[in-house]
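In what follows, chains carry the letters A, B, and so on, assigned in the order in which the sequence lines appear, proteins first and then strands, with residues in each chain numbered from 1.
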2 protein chains.
Amino acid sequence: MESVFEIIAEPNRRAILDLLASSQRSVGEIERRLRMPQPSVSKHLRVLRESGFVESTVDAQRRLYRLKLEPFQEVDAWLAPFRRFWSVRVDALAHHLDRMDSSKPTKRKTRRRR
Amino acid sequence: MESVFEIIAEPNRRAILDLLASSQRSVGEIERRLRMPQPSVSKHLRVLRESGFVESTVDAQRRLYRLKLEPFQEVDAWLAPFRRFWSVRVDALAHHLDRMDSSKPTKRKTRRRR
DNA sequence: CTTTTATATACTCCGGATAGCATATACGTG
DNA sequence: CACGTATATGCTATCCGGAGTATATAAAAG
């Protein structure tokens, strides 16, 4: 579980992140809103915390969790090289790759399609 | 392995996608460039194909693989709600969440910090 | 001090995903 | 046709992560 991609691969964790996008929340709030067992919430929050997606502050017995930016930006950065393909027009990728085809087709006598 | 996030969680698959971002490639090219066993490449390509990240065309005995857009856009779409936090200034998220704090602090007699 | 509330952790179990290896399939070449 | 090349698939062993349950810790309330 090293990369940010593995972290956000888990649906429950994405649900937590989505929820935290609107506001910081306590563990109990997350538990209720997502109808998810408390130990499960705590475990996912631990993973999210250790991977830098969230941070927590203490409020009496409660812990308030909030988002942190960096890991999201990391995902965004990975996406960037691909985004250039659809930023112009929707089906630009195919055309683009068609043109910069680098693989020289094998020489052949008969050209067969199937 | 339903979601696009699980697909891109695998490092070798991301490597393949990164490679295909520059140009379409045959299985053999991917195998050599990534120094990865051929069956492994084929298996990952299968996953990528079935999840819509790539498509292939037949060229004699070779298969040329190229990127497809939709799944990337799906990731991009998920990222959008979070992106608004860092689009203005780097540490905007903390301030934002500070302001829209919805969790009413527990009533207490003594406020302790640790 | 005892009880209740809030959260974290420990432990076990199970399924699914990946690696590795062997093999099948398909096409091209001579 | 026999052989080499390119790619896909089948099978097995293994490993890791998540679910579930019980329990520990900590603070508040009475």
Side-chain angles (χ1 to χ4, degrees), chain A residues 1-16 20 24-51 54-66 103-114, chain B residues 1-16 20 24-51 54-66 103-114:
Chain A
M1 191 106 58
E2 338 158 326
S3 81
V4 295
F5 301 96
E6 291 170 290
I7 305 295
I8 63 174
E10 219 290 321
N12 295 308
R13 280 197 288 269
R14 285 202 306 282
I16 292 176
L20 293 182
Q24 64 177 351
R25 309 275 181 189
S26 70
V27 177
E29 284 180 300
I30 299 172
E31 177 191 355
R32 288 188 295 277
R33 297 224 184 203
L34 302 183
R35 296 218 173 77
M36 172 178 252
Q38 178 270 318
S40 182
V41 174
S42 283
K43 282 181 205 167
H44 285 305
L45 283 173
R46 153 117 100 149
V47 173
L48 290 171
R49 190 177 351 110
E50 291 177 344
S51 58
V54 303
E55 62 186 357
S56 71
T57 57
V58 176
D59 172 57
Q61 326 104 306
R62 303 191 305 166
R63 309 286 157 103
L64 297 180
Y65 281 85
R66 61 164 63 171
S103 42
K104 336 84 192 170
T106 307
K107 240 168 249 164
R108 65 175 93 79
K109 297 167 180 173
T110 55
R111 170 177 272 270
R112 300 227 189 84
R113 286 284 153 192
R114 84 174 33 205
Chain B
M1 191 107 56
E2 337 158 326
S3 82
V4 296
F5 301 96
E6 292 169 287
I7 305 296
I8 63 174
E10 220 289 322
N12 295 308
R13 279 196 290 268
R14 285 202 306 282
I16 292 176
L20 292 181
Q24 63 177 352
R25 310 273 182 190
S26 70
V27 178
E29 284 180 300
I30 299 171
E31 177 191 354
R32 288 186 296 277
R33 298 223 184 203
L34 301 183
R35 296 218 172 77
M36 175 178 247
Q38 178 270 317
S40 180
V41 174
S42 283
K43 282 179 201 170
H44 284 306
L45 282 173
R46 154 118 100 149
V47 173
L48 289 171
R49 190 177 352 108
E50 290 178 346
S51 58
V54 304
E55 62 187 357
S56 71
T57 58
V58 176
D59 171 56
Q61 326 102 306
R62 302 190 308 166
R63 309 287 157 100
L64 297 180
Y65 282 86
R66 61 165 60 173
S103 42
K104 337 84 192 171
T106 307
K107 240 169 250 165
R108 65 176 93 79
K109 297 168 181 173
T110 56
R111 173 178 267 273
R112 300 225 189 87
R113 286 282 153 191
R114 81 173 32 202

Mind checking side-chain hydrogen bond (donor to acceptor under 3.5 Å, both in side chains) for [X] and listing every partner two or more places apart, or none if nothing turns up?
X	value
A:S56	none
A:R13	A:H44
A:E31	none

Using the test side-chain contact (heavy atoms from CB on, under 4.5 Å), find all partners of A:V4 that sit at least two apart in sequence or belong to another chain.
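Scan of A:V4 (side-chain contact (heavy atoms from CB on, under 4.5 Å), adjacent residues dropped) gives A:F53, A:P71, A:E74, A:V75.
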With sequence neighbours left out, what residues match A:R46 under side-chain contact (heavy atoms from CB on, under 4.5 Å)?
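So A:R46 forms a side-chain contact (heavy atoms from CB on, under 4.5 Å) with A:R49, A:E50.
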Would you list the atom pairs, donor with acceptor, under 3.5 Å between side chains in residues 35-43 of chain B and any protein atom, with sequence neighbours excluded?
from  : atom 1 : to    : atom 2 : distance (Å)
B:Q38 : NE2    : B:S42 : OG     : 3.0

What is the distance from [atom1] of [X] to [atom2] of [N], rounded to the nearest Å?
X	N	atom1	atom2	value
A:D59	C:dT5	CG	C1'	13 Å
A:R49	C:dT7	CZ	P	12 Å
B:L48	C:dT18	CG	P	10 Å

Compare all side-chain heavy atoms of A:L20 with those of A:R66 and state whether any distance is below 4.5 angstrom.
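No, their side chains stay 4.5 Å or more apart.
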Please figure out whether B:S40 or A:S40 has its closest DNA chain C nucleotide nearer the 5' end.
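Mapping each residue to its closest nucleotide by heavy atoms, the 5'-most match is A:S40.
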Indicate the atoms forming the closest heavy-atom contact of A:V54 with A:L45, along with that distance.
CG2-O, 4.1 Å
For a quick test of reading the model, state the closest non-hydrogen atom pair linking A:A9 to B:A9 and the distance between them.
CB-CB, 3.9 Å
The correct set of residues in residues 2-14 of chain A placing a heavy atom under 4.0 Å from DNA chain D is A:E10, A:N12, A:R13
What protein N or O atoms touch nucleotides 5-7 of chain D N or O atoms at under 3.5 angstrom, if any, and at what distances?
from  : atom 1 : to    : atom 2 : distance (Å)
D:dT7 : OP1    : B:V27 : N      : 3.4
D:dT7 : OP1    : B:R63 : N      : 3.4
D:dT7 : OP2    : B:G28 : N      : 2.7

Treat primed atoms plus P, OP1 and OP2 as sugar-phosphate and everything else as base, then score nucleotides 10-16 of chain D 5' to 3': B for base contact with protein heavy atoms under 4.0 Å, S for sugar-phosphate contact only, - for none.
BB-----
